[in-house]
Every structure is written in C-alpha cells, then in structure tokens.
**Q** 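Quick one: the structure is below, and I'll ask about it shortly.
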Amino acid sequence: MKLLILNGPNLNMLGIREKNIYGTQTYADLEAFVKESCKQHGAVCEIFQSNSEGALVDRIQQAYFDGTEGIVINPAAYTHTSVALLDALKAVSLPAVEVHLSDVSKREDFRQISYVRAACEKTIAGHGFEGYAMAIAYLTEEREGGKKA
Ligand code: DQA
C-alpha cells in the first residue's frame with residue numbers, strides 16, 4: 001500500500017519547539033520512525049512537510065494522480081483554520097487519518113476545532129510518534145480487513 005504522510009507548519013521544529021508539549025525528539029527522528037513503521041506494515045511511504053498551506057494542498061491534490069492509497073495528516077496549526085485542506089482531502093477522497101502528537105482535546109479552546117476531521121476516517125491525538133504508527137496500522141490492516149474496506 002502506498003501512503004502519504006503529511007506534516008504541517010512548525011513540525012520541522014520538533015526537538016526545538018515547546019519540548020514540554022512535543023518532546024525532545026527531532027523531525028528527522030519522526031521521519032525515521034514513520035519510515036520504519038511503514039516498512040513493518042509493508043507499506044511504501046512518502047513523507048512531506050511544509051509550513052505553507054498551499055504546498056500542502058498541492059501535495060494532497062498530487063496524491064490523487066500518483067497512486068497514493070491513504071493519507072496520514074498532521075496539519076498542525078492548519079488543523080484549526082484550514083478549509084482549504086479540508087476541501088483538498090474531500091476532493092481526492094482518499095482514506096485519511098488525522099494525527100496529533102499532543103492531546104489537543106486537553107489544550108486551548110482554539111485547538112478544539114478541526115476542519116480536516118470531517119474528511120478523515122479517524123483522529124488519533126496524544127500518543128506522540130506512536131500515533132503515526134496507529135494511523136499506519138489502521139490504513140494498512142484494520143481498515144482493509146474491516147467494514148470500511
Ligand atoms: C499539533 C497540535 C496543533 O494544535 C499545533 O498547532 C501543532 C501540532 C500536534 O501534533 O499536537 O503544531 O498538530
């Protein structure tokens with residue numbers, strides 16, 4: 001299965017930004033973790049990070065044409081603001097899972113809204129890097145064998 005792992009703004013600053021919330025592991029560590037997790041689940045993955053909303057929209061659109069079969073997306077701050085990302089996910093209509101490192105449900109009020117959630121089959125938050133592995137497992141195994149296949 002071919003998966004696209006998308007990460008939004010400031011996630012490239014992992015290991016530097018708000019370590020009390022996001023931990024000390026770096027973005028390179030996250031990439032290595034995701035690659036290993038995809039390998040374990042027999043998936044081919046491409047990982048893309050951008051601080052730009054338009055670049056993320058472009059990459060989601062590209063996924064429609066390049067054979068991508070599932071999307072794991074941590075839209076970061078764009079979660080709470082972006083109708084454009086929601087529309088892009090709806091446009092390509094690929095199975096998608098929303099992931100957040102932190103437990104957004106226990107944070108500020110403005111983080112309680114997720115626009116992309118409406119286009120995602122599942123939301124996983126508060127499990128750190130492991131949340132990506134859970135999303136990859138869902139798309140590669142649970143979903144295929146389950147009622148959503
Ligand atoms: C985040 C949570 C968002 O609210 C925040 O803007 C981020 C990261 C997370 O992974 O916990 O940048 O998506």
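Every number for a ligand or one of its atoms is a count from 1 in the order of the listing. Keep in mind it's a predicted model, so treat the numbers as computed, not measured.
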**Q** Does atom NZ (K39) have a neighbourhood of more than 12 heavy atoms from anything else shown, all under 6.0 Å?
**A**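 Incorrect, the count does not exceed 12.
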
**Q** Applying ring-ring contact (aromatic ring centres under 6.0 Å, His included), which residue pairs with at least one partner in residues 14-69 are found, sequence neighbours left out?
**A**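 ring-ring contact (aromatic ring centres under 6.0 Å, His included) check on residues 14-69 returns F33-F129.
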
**Q** List, pair by pair, the atoms of ligand 1 and of the protein that are both N or O and lie under 3.5 Å apart, giving the separation rounded to 0.1 Å.
**A**
| from | atom 1 | to | atom 2 | distance (Å) |
| --- | --- | --- | --- | --- |
| ligand 1 | 4 (O) | H80 | NE2 | 2.7 |
| ligand 1 | 4 (O) | R111 | NH1 | 2.8 |
| ligand 1 | 6 (O) | A77 | N | 3.2 |
| ligand 1 | 6 (O) | R111 | NH1 | 3.1 |
| ligand 1 | 10 (O) | N74 | ND2 | 2.8 |
| ligand 1 | 10 (O) | L101 | N | 2.7 |
| ligand 1 | 11 (O) | L101 | N | 3.3 |
| ligand 1 | 11 (O) | S102 | N | 2.8 |
| ligand 1 | 11 (O) | S102 | OG | 2.6 |
| ligand 1 | 12 (O) | R17 | NH1 | 3.1 |
| ligand 1 | 12 (O) | R17 | NH2 | 3.0 |
| ligand 1 | 13 (O) | N74 | OD1 | 2.8 |
| ligand 1 | 13 (O) | H100 | ND1 | 2.8 |

**Q** Apply salt bridge (charged side-chain N to carboxylate O under 4.0 Å, His left out) to residues R143 and E121 and explain how you reach the verdict.
**A** CA-CA 10 Å; R143 184 179 187 278; E121 293 188 4; 2.7 Å; yes

**Q** Under 3.5 Å, which donor-acceptor pairs link side chains of residues 82-92 to any protein atom two or more places apart or in another chain?
**A**
| from | atom 1 | to | atom 2 | distance (Å) |
| --- | --- | --- | --- | --- |
| S82 | OG | E53 | OE2 | 2.5 |
| S82 | OG | A84 | N | 3.4 |
| S82 | OG | L85 | N | 2.9 |

**Q** Other than F110, which residues form its hydrophobic cluster under the rule that side-chain heavy atoms must be closer than 4.5 Å?
**A** none

**Q** Kindly compute the distance separating CD (E18) from CG (N10), expressed to the nearest 0.5 Å.
**A**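 Result: 9.0 Å between the selected atoms.
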
